[in-house]
Colleague: 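Just dropping this structure here.
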Amino acid sequence: MSGRAVLVTGASRGIGRAIATAFAAAGDRVAIHHRGSADLAVRLRDELPGDGHVVVQADIADPGQVRRMADEAAEALGGIDVLVNNAGVFFHHPITEVSYEEWQAAWRETLDTNLVGAANLTWCAVRHMRRGGRIVNVSSRGAFRGEPEGPAYGASKAGLNALGQSLAIALAPHGISVGTVAPGFVQTDMTNEHLKPPRGDAIRAQSPFGRVGLPEEIAAAVLYLASPAAEWATGSIIDLNGASYLRT
Ligand code: NAD
């Protein structure tokens, strides 16, 4: 079998789709993970360049489904060389506007998916990895800048950053590197509504380039962090926000 075995979560659309496409274009075999978008995932599998791509399904917030899915991906691809934790959710839940029940539901679902789900899948995937393995987490600018309308999202991504840094140290002796990308606004299904004028104009103006990011720009950085050349970049977090937020 040629190429590396790559598992990308939330790959049926948006940034995940661009990441899956970029790996396939580089000659790798991709396990396209989805939750409930089998049609989209199968269509993407059939469109990807190269062969050996597969579709796997799981609710990332369900630990049992995550373990089954990781095992299926490894079985189909002959191991896992690269894991990309991309699947994520954002809920609008401003503290002064939502009920206590809504507040708790937003925190629970966000953390279960964005942070605990990624941690669980990483535990499972590491057991299928050899030396040279790579884990790339898709975080967010919001981890640093704050997310006033979605505080659970910001906290989940800050947790994901810390998870990646802890595992970079824990997994280095096993020859596995862990990197993180932190995009600002990216044009995807998740953000389409927000990017309509006039609110979208203000969002585009956050960057001195006067635009938001493209999924392909995120995919390029993920490919770098997953490359053999990126071992020394382990533990790093790459900002991909067009200078819309410069952290110190
Ligand atoms: P998207 O909504 O298009 O894609 C997210 C994917 O995750 C979807 O395919 C969705 O089905 C999947 N997913 C969500 N919950 C799941 C669950 N419980 N189980 C399985 N799959 C689940 O959004 P996107 O913009 O492509 O986002 C991809 C990643 O990039 C997310 O982690 C997001 O937080 C991050 N991000 C996006 C932006 C942006 O502006 N679009 C900015 C920063 C970070």
Colleague: Given side chains that start at C-beta, do those of F185 and H194 come closer than 4.5 Å, heavy atoms only?
Modeller: yes
Colleague: Which atoms form the tightest heavy-atom contact between L121 and I60, and what is the distance?
Modeller: CD2-CD1, 4.3 Å
Colleague: Could you tell me if the side chain of T122 sits less than 4.5 Å from the side chain of L167, heavy atoms only?
Modeller: yes
Colleague: Are there over 12 heavy-atom neighbours, none belonging to D51, within less than 6.0 Å of that residue's CG?
Modeller: no
Colleague: Is there side-chain contact between I32 and V54, with at least one heavy-atom pair below 4.5 Å?
Modeller: no
Colleague: May I ask you to decide if W123's main-chain N or O and R127's side chain share a donor-acceptor pair within less than 3.5 Å?
Modeller: yes
Colleague: Hey, are the side chains of V186 and L214 touching, using non-hydrogen atoms and a 4.5 Å cut-off?
Modeller: no
Colleague: Donor-acceptor pair, distance only, cut-off 3.5 Å: does the side chain of D239 make one with the backbone of N241?
Modeller: no
Colleague: Using the side-chain hydrogen bond (donor to acceptor under 3.5 Å, both in side chains) rule, collect all pairs that involve residues 215-224, keeping only residues at least two apart or in two chains.
Modeller: R211-E217
Colleague: Side chains of P151 and H93, heavy atoms from C-beta outward: is any pair under 4.5 Å?
Modeller: yes
Colleague: Just one of V8, L7, N85, V84 clears the side-chain contact (heavy atoms from CB on, under 4.5 Å) bar with H33, so which one?
Modeller: L7
Colleague: Under the criterion salt bridge (charged side-chain N to carboxylate O under 4.0 Å, His left out), I'd like the reasoning laid out for R204 against D201: C-alpha separation, chi angles, the key distance, then a yes or no.
Modeller: CA-CA 5 Å; R204 281 180 281 278; D201 297 331; 3.0 Å; yes
Colleague: When you measure from the centre of the six-membered ring of F144, is the NZ or CZ of R247 closer than 6.0 Å and no more than 45° off the axis?
Modeller: yes
Colleague: Please answer: with hydrophobic residues joined when any side-chain heavy atoms are less than 4.5 Å apart, are V82 and L77 in the same cluster?
Modeller: no
Colleague: Please check: side-chain N/O of N137 versus main-chain N/O of S139, any donor-acceptor pairing under 3.5 Å?
Modeller: no
Colleague: Go through the steps to decide whether H34 and Q57 satisfy the test side-chain hydrogen bond (donor to acceptor under 3.5 Å, both in side chains), and finish with yes or no.
Modeller: CA-CA 5 Å; H34 72 98; Q57 185 278 335; 5.6 Å; no
Colleague: Against D81, only a single residue in H128, R4, R130 fulfils side chain to side chain donor-acceptor pair (under 3.5 Å); can you say which?
Modeller: R130
Colleague: So do L171 and V126 actually touch side chain to side chain, heavy atoms under 4.5 Å?
Modeller: yes
Colleague: For R35, enumerate each residue passing the salt bridge (charged side-chain N to carboxylate O under 4.0 Å, His left out) test, keeping only those at least two apart in sequence or located in another chain.
Modeller: none
Colleague: Show your reasoning for whether salt bridge (charged side-chain N to carboxylate O under 4.0 Å, His left out) applies to R43 and E47.
Modeller: CA-CA 6 Å; R43 205 179 315 151; E47 286 171 11; 5.2 Å; no
Colleague: Indicate yes or no for a side-chain donor-acceptor contact from T9 to the backbone of A87 under 3.5 Å, with no hydrogens or angles considered.
Modeller: yes
Colleague: Considering non-hydrogen atoms only, spot the tightest contact between F209 and G242 and give its length.
Modeller: CD1-O, 4.0 Å
Colleague: H174 vs R131, test: side-chain hydrogen bond (donor to acceptor under 3.5 Å, both in side chains). Steps then yes/no.
Modeller: CA-CA 6 Å; H174 301 273; R131 294 191 75 79; 5.9 Å; no
Colleague: Tell me the closest heavy-atom pair linking W107 and A152, and the distance in Å.
Modeller: CD2-CB, 3.5 Å
Colleague: Can you list the residues that meet the salt bridge (charged side-chain N to carboxylate O under 4.0 Å, His left out) rule with R67, with sequence neighbours excluded?
Modeller: none
Colleague: Are any non-hydrogen side-chain atoms of Q165 and V178 less than 4.5 angstrom apart?
Modeller: no
Colleague: Measuring only between side-chain heavy atoms, which start at C-beta, is I218 closer than 4.5 Å to V181?
Modeller: yes
Colleague: Just by distance, do the side chain of S140 and the backbone of A143 share a donor-acceptor pair under 3.5 Å?
Modeller: no
Colleague: Looking at E231, is its backbone amide N or carbonyl O close enough to the side chain of T234 to form a donor-acceptor pair, meaning the two atoms are under 3.5 Å apart?
Modeller: no
Colleague: Step by step, work out the side-chain hydrogen bond (donor to acceptor under 3.5 Å, both in side chains) result for Q187 and N192.
Modeller: CA-CA 6 Å; Q187 177 95 49; N192 262 344; 3.1 Å; yes
Colleague: Run the side-chain hydrogen bond (donor to acceptor under 3.5 Å, both in side chains) test on R141 and S244 for me, step by step, so that the C-alpha distance in whole Å, both residues' side-chain angles and the decisive distance to 0.1 Å come before the verdict.
Modeller: CA-CA 9 Å; R141 177 186 66 175; S244 61; 2.8 Å; yes
